Amino acid sequence: MMARISVNDIVVDVVDDATLLDAARLAGAEVPTLCYLKETGALTSCMICVVKDVATGKLLPSCAARVSDGIAIVTDDAEVREARRAILVMLLDEHAGDCDAPCSSTCPAGLDIPRMLRYVAAGDVDAAACIAQRDLVFPETLGRICSAPCERVCRRAQYDAPIAIRNTHAAFTNRFPQQEIPVSGKAVAVVGAGLAGLSAAYVLARLGHACRVFEKQGRACESLRALPTDTLPPEILDGEIESIRALGVAVEFDSEVTPEALLNLHDAVIVACDMAVEPNLRIVAAEEVPMYVRAVANGKRAAQHVDALLRGQPATTARPFNSKRGALASEEASRFAVERLHAAPSSEAARCLHCDCLKRVSCKLRQYATEYGLGPHVKRTMPRPALEALERFDNVVYEPGKCIKCGVCVAITCAAGVEPGMTFTGRGLDSRVRPALGATLEQGLGRVAADCVRACPTSALAFLNVEETS
Ligand code: SF4
Ligand code: SF4
Ligand code: SF4
Ligand code: FES
C-alpha cells in the first residue's frame with residue numbers, strides 16, 4: 001500500500017510504513033539526525049529530527065513517526081528551527097569538549113596550532129610550514145614580533161610550561177613551496193602594503209584572483225622597519241614579502257590612488273590603510289592595527305569577503321561553532337595533561353597535548369550548531385560537567401564528556417550480539433553510556449568498535465591519529 005504525503009508542498013508517494021524522514025528525504029528535504037541510523041532504526045533519544053504536522057501544528061520525531069495518507073508536513077520553518085536550536089543548546093549544556101584547541105581559538109589569525117605541531121613532531125616540517133603560511137601569511141615575521149596570546153592559554157601551561165608556539169613558526173625559513181593556483185578571471189586592487197594589505201593580497205592570489213597592491217611609500221611594511229633589526233631582521237620580512245609576490249601579486253610603490261578610481265579597472269578594492277572612502281559594496285576595509293597578528297587576520301577576513309562577493313555568494317564572516325571547555329580546575333588540568341602527554345617527547349612540538357577535537361570536521365553536533373546559528377559558541381545554562389577520565393585501546397578512544405547519550409553505540413553492539421556490549425547506566429542527568437557490567441572499552445565495543453566510532457555523531461568515540469582536514 002502506498003501513501004500520498006506533502007512535504008513542504010511537494011507531493012510524494014511512499015510505502016505506507018515509511019517514516020516521515022523517509023518521505024522528507026524522498027522529497028529532497030534535509031532533516032538533521034543524530035541518533036538515527038538505518039541499521040539500528042529509530043531510537044528517539046535526540047529529537048533533533050522534528051518536523052511539523054501542518055494539520056495539528058504538532059512537532060513529530062520524523063525518524064520514528066510513520067506516514068499516513070494525506071498528511072502534510074513542514075521540515076523547516078521558524079518554529080521547527082527554534083525547536084532544533086533548543087535541543088542543541090540542551091545537548092551542548094551537557095557537553096564538555098573543545099572543538100578547536102584553546103591556542104587556535106585565541107590566535108586572531110586562527111593558526112591551526114595542534115596540526116602544525118603534529119607535523120613538526122612527525123618530522124614533516126614542510127607540511128607544518130605550509131599550514132603556518134596559509135594561516136599566518138607571515139609566520140617568520142610574526143614569530144619574532146607577535147605577543148603570542150596563544151601561549152598564554154596553552155593547556156600545557158597548567159601542567160608545567162606552555163608550548164613554544166611562536167618560536168616553532170619563527171623557524172620555518174624559506175620552506176614555502178610554489179603552489180598550483182586557479183585562475184578566476186577577476187582582478188582586485190589593494191591599497192596599502194602593510195601586514196593587512198599584503199595578507200589580503202596573499203589570500204586573494206591563492207584563490208586565483210589577479211591582485212595588484214598600491215603603496216604610497218617606497219617600501220612595503222614601512223612601520224615594521226622601525227623595529228630593532230635584531231628583533232626583526234629586514235631580510236626575514238623581505239623574504240616573506242617576496243614569497244607573496246611569487247604568487248603573482250604585483251606591488252606598485254610611490255602610488256597615490258583612490259579606491260573609487262581603481263574600481264574602473266578592478267572588480268573590487270580592499271582598502272588597508274588610513275583612507276576615507278565613500279560607501280560602496282565593492283570597496284572593503286581591512287584595518288591595519290597595531291597588534292600585528294590582528295592586522296593579518298583583518299586582511300584575510302577582507303579577502304574572504306571579497307572572494308565571496310566575486311563568486312556571487314553571500315558574504316559571511318560567520319565562524320563555525322566552537323564548543324569550549326573553558327578553564328580547567330587544577331586537578332582536571334593535571335588529569336587532562338597526564339592522559340595526553342607523550343611519555344618521552346623528542347622535541348618541543350611533541351610536548352603538545354593536542355587539545356583540538358578528533359572529529360572537529362565530521363562531528364554532526366558541531367555541524368548542526370553552526371547550521372542552526374548558535375554562533376561561534378553558546379552560553380551554558382548550567383555549569384560544565386566535570387572532566388571524566390578517557391578510556392582507550394589500540395586506536396580507539398572514548399571521551400565520556402562528549403557523549404550525547406544518543407544510544408547508537410548501545411544499539412550497534414546489541415544488534416551485533418556483542419557481550420557485554422555498551423549500555424546506559426544511572427538515571428536522568430547522571431545517566432552515562434558505558435561498557436556494560438564493568439567491562440573494558442575493548443570488551444564493550446567488541447568486534448564492532450570501528451562501526452561504533454564511525455556512527456558516533458560526536459567525537460565521544462573517535463580514532464586516534466586520524467587527521468580530519470576541511
Ligand atoms: S565532539 Fe563535536 S561539538 Fe564536541 S568538541 Fe568535538 S567537534 Fe566540538
Ligand atoms: S597543548 Fe598544544 S593544542 Fe593544547 S593549547 Fe597548548 S599548543 Fe594548543
Ligand atoms: S558514545 Fe557516541 S554513539 Fe555512543 S551514546 Fe555516546 S554519542 Fe552516542
Ligand atoms: S529522534 Fe530522530 S534522529 Fe534522534
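Predicted model, so just to flag it, every value in this text is computed and none were measured. Indexing begins at 1, ligand by ligand and atom by atom, following the structure's order.
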**Request:** Mind checking whether Asn322 contacts ligand 1 via backbone (N, CA, C, O), side chain (CB onward), both or neither, at a 4.0 Å heavy-atom cut-off?
**Result:**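 Neither; no heavy atom under 4.0 Å.
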Looking only at protein heavy atoms, identify the closest one to [atom] and say how far it is in Å.
atom: atom 7 (S) of ligand 3; result: Ile404 N, 3.5 Å
atom: atom 2 (Fe) of ligand 3; result: Cys456 SG, 2.4 Å
atom: atom 8 (Fe) of ligand 3; result: Cys406 SG, 2.3 Å
atom: atom 6 (Fe) of ligand 1; result: Cys357 SG, 2.3 Å
atom: atom 5 (S) of ligand 3; result: Gly407 N, 3.3 Å
atom: atom 1 (S) of ligand 1; result: Ser459 N, 3.2 Å
atom: atom 1 (S) of ligand 4; result: Met47 N, 3.2 Å

**Item:** Element-labelled atoms of ligand 4 that are located less than 4.0 Å from some non-hydrogen atom of Cys63
**Value:**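 Going through ligand 4 atom by atom, the ones under 4.0 Å from Cys63 are 1 (S), 2 (Fe), 3 (S).
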**Message:** Suppose I only count heavy atoms of Asp98 and a 4.0 Å limit; which atoms of ligand 1 are within that range?
**Reply:**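 Counting from 1, the qualifying ligand atoms are 5 (S).
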**Asked** Which of the numbered atoms in ligand 1 are below 4.0 angstrom from a heavy atom of Arg360?
**Response**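 Within the 4.0 Å cut-off of Arg360, ligand 1 contributes 7 (S).
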**Asked** So is Arg84 actually on top of Tyr368's ring, under 6.0 Å and inside 45° of the axis?
**Response**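 No - Arg84 does not lie over the ring of Tyr368 by the 6.0 Å and 45° rule.
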**Message:** When you measure from atom 6 (Fe) of ligand 3 to the N, O or S atoms of Cys403, does any of those distances fall below 2.8 Å?
**Reply:**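 Yes, within the cut-off.
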**Request:** Ignoring hydrogens, just give me the one of Ser62, Gly407, Cys46 whose non-hydrogen atom is nearest atom 3 (S) of ligand 4.
**Result:**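 The option holding the nearest heavy atom is Cys46.
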**Asked** What do we get for Cys409 next to ligand 3 when only non-hydrogen atoms under 4.0 Å count, side chain, backbone, both or neither?
**Response**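 Under 4.0 Å from ligand 3, Cys409 contributes backbone and side-chain atoms.
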**Request:** Report the part of Leu34 (side chain from C-beta onward, or backbone N, CA, C, O) that has a heavy atom under 4.0 Å from ligand 4; answer both or neither where that applies.
**Result:**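 Backbone only.
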**Message:** Working to the nearest 0.5 angstrom, can you tell me the gap between Ser199 OG and Glu240 CD?
**Reply:**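 Output value for this atom pair is 10.0 Å.
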**Item:** atom 4 (Fe) of ligand 1 to nearest N/O/S of His95 less than 2.8 Å
**Value:**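 Yes, within the cut-off.
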